[in-house]
Amino acid sequence: MTTNEERAKRHKIAMQRKKKHIDNRISKAKKNKGLLVILTGNGKGKSSSAFGMLARSVGHGLRCGVVQFIKGSWECGEQILFSGHPRVDFYVMNTGFTWETQDREKDIIAAEKTWQKAEMLLKSADHNVVILDELTYMITYGYLDKNLILNCLKKRPKDQHVIVTGRNAAKELLDIADTISEVGNSKHAFDSGIKVQKGIDY
Ligand code: ATP
Ligand code: MG
């Protein structure tokens, strides 16, 4: 047998073993459930991942809701694309970053007003997927009541998927999540003096 044939044979055996293992795991995953997905951490890729799932969901014809906390002082590509979409209800807090507004009282009023939209979506059995972008900061800054958020998430329709993004997600939020991805910051162009790039950063 040539080296190539030996290699092909070894590969086939390894792949057969792998397939058996994967098929076994797939056969054990039988449940269906609305997921709470949390995308947190200091690296880039949290919101863009959430909007990737929105694209998938919309592609499948699902009804979706998006609430963007904090963001809004500039228009992101995802907002331009999805806000006019017939299957997406898109709400933006529109205050900009807290270090821009520098006004706690005003931020709290805006956060509470924006949360009402989130609460409405979390009660709607018609919405299959809800994105709460940058929600974690509303808890960290104490703009919104953590228990109110937790209760609304727990009481939402059983098959509704919710995706929460933002750094420093509260422990209680992580505790009730089904999937958590901690996006790490290995390198970011901004640290090399490169400005935000259209399509990549916003
Ligand atoms: P994205 O929207 O690109 O997925 P994100 O949601 O993970 O980013 P945010 O903290 O919401 O990150 O910040 C949004 C903006 O800040 C984006 O323009 C992103 O490129 C930038 N950013 C994210 N992480 C870092 C970082 N570690 N250093 C500098 N800029 C960052
Ligand atoms: Mg983000």
Side-chain angles (χ1 to χ4, degrees), residues 35-59 64-85 88-104 106-108 110-115 117-118 121-122 127 129-144 146 149-150 152-153 161-174 176-202:
L35 301 176
L36 175 60
V37 178
I38 301 189
L39 304 164
T40 191
N42 294 330
K44 171 186 161 51
K46 301 177 287 295
S47 298
S48 40
S49 166
F51 286 100
M53 285 181 259
L54 181 68
R56 284 183 172 172
S57 304
V58 169
C64 303
V66 178
V67 184
Q68 279 194 305
F69 292 89
I70 299 185
K71 286 264 175 65
S73 43
W74 74 88
E75 211 174 31
C76 320
E78 57 266 31
Q79 192 185 340
I80 298 166
L81 180 65
F82 289 116
S83 61
H85 195 283
V88 183
D89 294 299
F90 208 112
Y91 306 102
V92 186
M93 189 156 120
N94 264 328
T95 48
F97 291 101
T98 47
W99 57 88
E100 278 166 1
T101 62
Q102 298 165 13
D103 187 335
R104 192 175 152 79
K106 209 174 129 203
D107 281 352
I108 290 174
E112 284 171 348
K113 213 170 139 209
T114 311
W115 176 254
K117 305 290 182 195
L121 291 169
L122 294 174
H127 287 82
V129 178
V130 175
I131 293 180
L132 303 174
D133 191 33
E134 320 296 349
L135 174 69
T136 60
Y137 305 102
M138 300 299 102
I139 299 173
T140 318
Y141 292 132
Y143 288 180
L144 294 175
K146 185 162 58 184
I149 293 174
L150 291 169
C152 287
L153 286 169
H161 301 301
V162 177
I163 304 160
V164 172
T165 81
R167 298 176 194 204
N168 304 312
K171 187 187 173 298
E172 296 94 325
L173 203 56
L174 297 175
I176 61 166
D178 299 284
T179 297
I180 304 167
S181 288
E182 175 100 23
V183 184
N185 178 31
S186 304
K187 202 181 199 183
H188 197 289
F190 184 65
D191 295 326
S192 309
I194 299 162
K195 9 190 248 189
V196 287
Q197 300 293 307
K198 190 185 275 183
I200 300 297
D201 293 304
Y202 69 99

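Counting starts at 1 for both ligands and their atoms, following the listed order.
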- prompt: Just by distance, with hydrogens left out, do N168 and T136 show a side-chain donor and acceptor under 3.5 Å apart?
  reply: no
Donor-acceptor pairs are to be reported for all side-chain atoms of residues 190-200 against protein atoms at under 3.5 Å, with residues two or more places apart or in another chain.
from: Q197; atom 1: NE2; to: K195; atom 2: O; distance (Å): 2.9

message: Is any side-chain heavy atom of V58 closer than 4.5 Å to one of C64?
response: yes
query: Of all the atoms in E134, is at least one N, O or S atom closer to the Mg ion (ligand 2) than 2.8 Å?
result: yes
task: Run the numbers for me: atoms of ligand 1, each under 4.0 Å from some heavy atom of N185, listed by number.
output: 27 (N)
task: Return the option from G43, S47, S49 holding the heavy atom at the smallest distance from atom 2 (O) of ligand 1.
output: S47
- request: Pull out every atom of ligand 1 sitting under 4.0 Å from any heavy atom of G45, numbered as shown with elements.
  value: 1 (P), 4 (O), 5 (P), 7 (O), 8 (O)
message: At a threshold of 2.8 Å, where the distance has to be below it, does the Mg ion (ligand 2) have an N, O or S atom of S48 nearby?
response: no
message: So if I count the atoms of ligand 1 from 1 in the order they appear, which ones are less than 4.0 Å from some heavy atom of E134?
response: 11 (O)
task: Quick one: pull up OG in S47 and CD1 in I163 and give me the separation to the nearest 0.5 Å.
output: 11.0 Å
query: Excluding sequence neighbours, so at least two apart, what forms salt bridge (charged side-chain N to carboxylate O under 4.0 Å, His left out) with K44?
result: D201
message: Can a donor-acceptor pair be found, under 3.5 Å and without considering hydrogens, that links the side chain of Y143 to the backbone of E112?
response: no
message: As an exercise, state the distance from OH of Y137 to OG1 of T165, rounded to the nearest 0.5 Å.
response: 7.0 Å
message: Please report the interatomic distance CG(L39) to CE(M53), rounded to the nearest 0.5 Å.
response: 5.0 Å
- prompt: Which residue from K195, E78, Q197, H188 reaches closest to atom 25 (C) of ligand 1 through any of its heavy atoms?
  reply: H188
query: At the 4.0 Å heavy-atom cut-off, does N42 count as touching ligand 1?
result: yes
message: With a heavy-atom distance limit of 4.0 Å, tell me whether D201 approaches ligand 1 through its side chain, its backbone, both, or neither.
response: both
- prompt: So, is K44 polar-close to ligand 1, with some N/O to N/O distance under 3.5 Å?
  reply: yes
task: Check each atom of ligand 1 against the heavy atoms of S48 and keep those under 4.0 Å away; list them by number with element.
output: 1 (P), 2 (O), 3 (O), 4 (O)
